[in-house]
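The structure appears right after this line, and notes come after that.
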Amino acid sequence: MTIDERAFAFVLGSLDDLAAADVAEEIGQSNRMRERVSYWRRQLAPLMPPPVEEVFENPVSWDEVEAVVFGQL
């Protein structure tokens, strides 16, 4: 694989664990690999789904859950 193919696969997450570890090590040692990984992250970012919005408060009360589960409504 070329450096560009390895960087692309690393960002995509399609490398096996050993290959991913090798690329991660190479990122720490090679400016060229850092540049290619950064390039592919920018290229693929628009294709990523938006982050999932966290819900901090459940809009359903336990009374409503019990009513549905145990038929107390």
Side-chain angles (χ1 to χ4, degrees):
M1 291 177 102
T2 67
I3 191 169
D4 219 31
E5 291 169 335
R6 289 193 331 271
F8 175 79
F10 180 80
V11 171
L12 198 59
S14 62
L15 295 174
D16 63 40
D17 291 343
L18 183 59
D22 288 343
V23 172
E25 184 177 331
E26 191 174 350
I27 289 169
Q29 298 173 353
S30 166
N31 286 335
R32 178 77 175 136
M33 181 57 88
R34 277 193 296 276
E35 290 170 3
R36 298 319 299 159
V37 166
S38 178
Y39 169 80
W40 283 113
R41 284 184 175 147
R42 288 190 311 273
Q43 292 298 99
L44 295 173
L47 303 176
M48 298 298 291
V52 175
E53 187 175 327
E54 290 188 44
V55 176
F56 294 103
E57 189 173 314
N58 189 343
V60 179
S61 71
W62 280 112
D63 291 336
E64 292 171 301
V65 172
E66 288 176 348
V68 170
V69 172
F70 301 110
Q72 297 174 0
L73 198 78

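In this text, all values refer to a predicted model and were calculated from it rather than measured experimentally. The chain is numbered in sequence order, starting from 1.
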**Study point:** Distance, nearest 0.5 Å, that separates CG of Asp4 from CZ of Arg32
**Key:** 6.5 Å
Check your understanding: Of all residues at least two apart in sequence or in a different chain, which pass the ring pair (Phe, Tyr, Trp, His ring centres under 6.0 Å) check with Phe8?
Key -> Trp40
Review point. In terms of hydrophobic clusters joined by side-chain contacts under 4.5 Å, are Leu18 and Val23 together?
Key: no
Study note, to complete from the structure: CE (Met33) and CZ (Arg6) are apart, to the nearest 0.5 Å, by 4.0 Å
Exercise for review: For Pro46 and Gln43, work out which heavy atoms get closest and say how close.
Suggested key: CD-O, 3.3 Å
Practice item. Could you list all the ring-ring contact (aromatic ring centres under 6.0 Å, His included) pairs where at least one residue sits in residues 10-34, not counting sequence neighbours? Key: none
Exercise for review: Find out if a path of hydrophobic residues (ILVMFWY) with successive side-chain heavy-atom gaps under 4.5 Å connects Leu47 to Val37.
Suggested key: yes
Point to revise | Which residues share a side-chain contact (heavy atoms from CB on, under 4.5 Å) with Glu5, sequence neighbours left out | key: Met1, Thr2
Exercise for review: Only counting residues at least two apart or in another chain, list the ones meeting side-chain hydrogen bond (donor to acceptor under 3.5 Å, both in side chains) with Ser30.
Suggested key: none
Point to revise | Name of the residue among Glu35, Arg41, Arg42 meeting side-chain hydrogen bond (donor to acceptor under 3.5 Å, both in side chains) with Ser38 | key: Arg42
**Study point:** Selection residues 10-22 - residue pairs positive for side-chain hydrogen bond (donor to acceptor under 3.5 Å, both in side chains), sequence neighbours left out
**Key:** none
Review point. Is it the case that Arg36 places NZ or CZ above or below the six-membered ring of Tyr39, under 6.0 angstrom from the centre and within 45 degrees of the axis?
Key: yes
